[in-house]
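Residue numbers start from 1 in every chain, and the chains themselves are labelled A, B, ... in the order their sequence lines are given, proteins ahead of strands.
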There are 2 protein chains.
Amino acid sequence: MDIVDRLLLARLQVDATTPYATLGEEVGLSGAAAHERVRKLRERGVIRRTTVDVDPGAVGKAVLAFVMIEANTWMGGPETNAALRALPWVEEAHIVAGGASVLVKVRAAGTAELQDALREIFDLDGVTGTQTIVVLETFFERPVAVDA
Amino acid sequence: MDIVDRLLLARLQVDATTPYATLGEEVGLSGAAAHERVRKLRERGVIRRTTVDVDPGAVGKAVLAFVMIEANTWMGGPETNAALRALPWVEEAHIVAGGASVLVKVRAAGTAELQDALREIFDLDGVTGTQTIVVLETFFERPVAVDA
DNA sequence: AATGAAAAATTTTCCGC
DNA sequence: GCGGAAAATTTTTCATT
């Protein structure tokens, strides 16, 4: 992956609807060459998918929280993964080092729904406690820096 | 926003390269009508942008961490926002309730670069301390649930 | 790997309902 | 707001360097 690939990635992160001809111009390639580069980036899995960024508030998810989950069993297995995936409020789930075992990012309509989510998390096998950090304001959420 | 809009959003989150004709079929509309729906969702800001999801590992960001920042001044202002935005490692920044003032999601090439990021965070005005949670494994990171 | 051009498909516009 | 069709643009393929 050279600098041109990185430029293309950065550009597509900003607007993936940009025509290949325009992308090519911006990186000093023909449209066909830019297209071929992007095709390979997708093929190699560098680009995982093309998606739309949806405003959470507009779909009724007003509350964001991070929940640190403590457990008395190893939570790094596929069962925990699947159990967390099944919870619609959980947007991200990570196994972490430190006091907690798992850190999840949770989005809910309001505090009542957040409470529902927390109850479900509590009910997972091995969970002994949770610590919740409620977000008051999100400054920004942006794509991975590609530093081209 | 009715159920059709939500179906379209959910479908576009999975693959934003899907032709309007196909989207229309899947939600029971013509291609033109599906296109008009999506156009309005963009116009209203429900769809913020069309983007590509880049594999962080493929662009050399192997380490993920969450950093809770404690401060002795109010960090909710635009100066803090701008200062955090200027740090390339910071992927998300949130003002939070609880012991910490700010919670940031940081991605770095390795532990050395993570240390650089932490130093820069420490140097921000008002910061009195940080607590870092290092991610060992990411189960998943997915788009906002649209529950259609 | 890149280019220009042709071919195929899609996006976008527009009119009638 | 939706559907069908034309028009404009883009994606995709291909022969060549």
Colleague: If you assign A:Pro19 and A:Arg39 each to the DNA chain D nucleotide with the nearest heavy atom, which residue ends up on the more 5' nucleotide?
Modeller: A:Pro19
Colleague: Could you state the atom-to-atom distance from CZ of A:Arg44 to C1' of C:dA1 in whole Å?
Modeller: 12 Å
Colleague: Can you find a pair of side-chain heavy atoms, one from A:Met1 and one from A:Leu41, that are under 4.5 Å apart?
Modeller: yes
Colleague: For C:dA2 and A:Arg37 - does any side-chain N or O of the residue sit under 4.0 Å from the phosphate oxygens OP1/OP2?
Modeller: yes
Colleague: State whether the side chain of B:Thr50 and the backbone N or O of A:Ala16 hold a donor-acceptor pair below 3.5 Å, judged by distance alone.
Modeller: no
Colleague: Consider the side chain of A:Ala32, meaning its heavy atoms from C-beta on, and name the nucleotide among C:dA2, D:dG3, C:dA5 that approaches it most closely.
Modeller: C:dA5
Colleague: Among C:dG4, D:dG4, C:dA1, which nucleotide sits nearest the side chain of A:Lys40?
Modeller: C:dA1
Colleague: Write down the distance between CG (A:Leu23) and C1' (C:dT3), rounded to a whole number of angstrom.
Modeller: 17 Å
Colleague: Do the non-hydrogen side-chain atoms of A:Leu87 and A:Val104 ever get within less than 4.5 Å of each other?
Modeller: no
Colleague: Over how many whole Å does the gap from B:Tyr20 atom OH to D:dC2 atom P extend?
Modeller: 14 Å
Colleague: Given C:dT12, is OP1 or OP2 found less than 4.0 Å from the side-chain N or O atoms of B:His35?
Modeller: yes
Colleague: Rounding to an integer number of Å, can you tell me how far A:Glu36 CD sits from C:dA1 P?
Modeller: 9 Å
Colleague: Would you classify A:Ala33 as touching base, sugar-phosphate or nothing, given that sugar-phosphate means primed atoms plus P, OP1 and OP2, and contacts are heavy atoms under 4.0 Å?
Modeller: base
Colleague: Within the side chain of B:Arg142, is there an N or O that forms a donor-acceptor pair under 3.5 Å with the backbone of A:Val90?
Modeller: yes
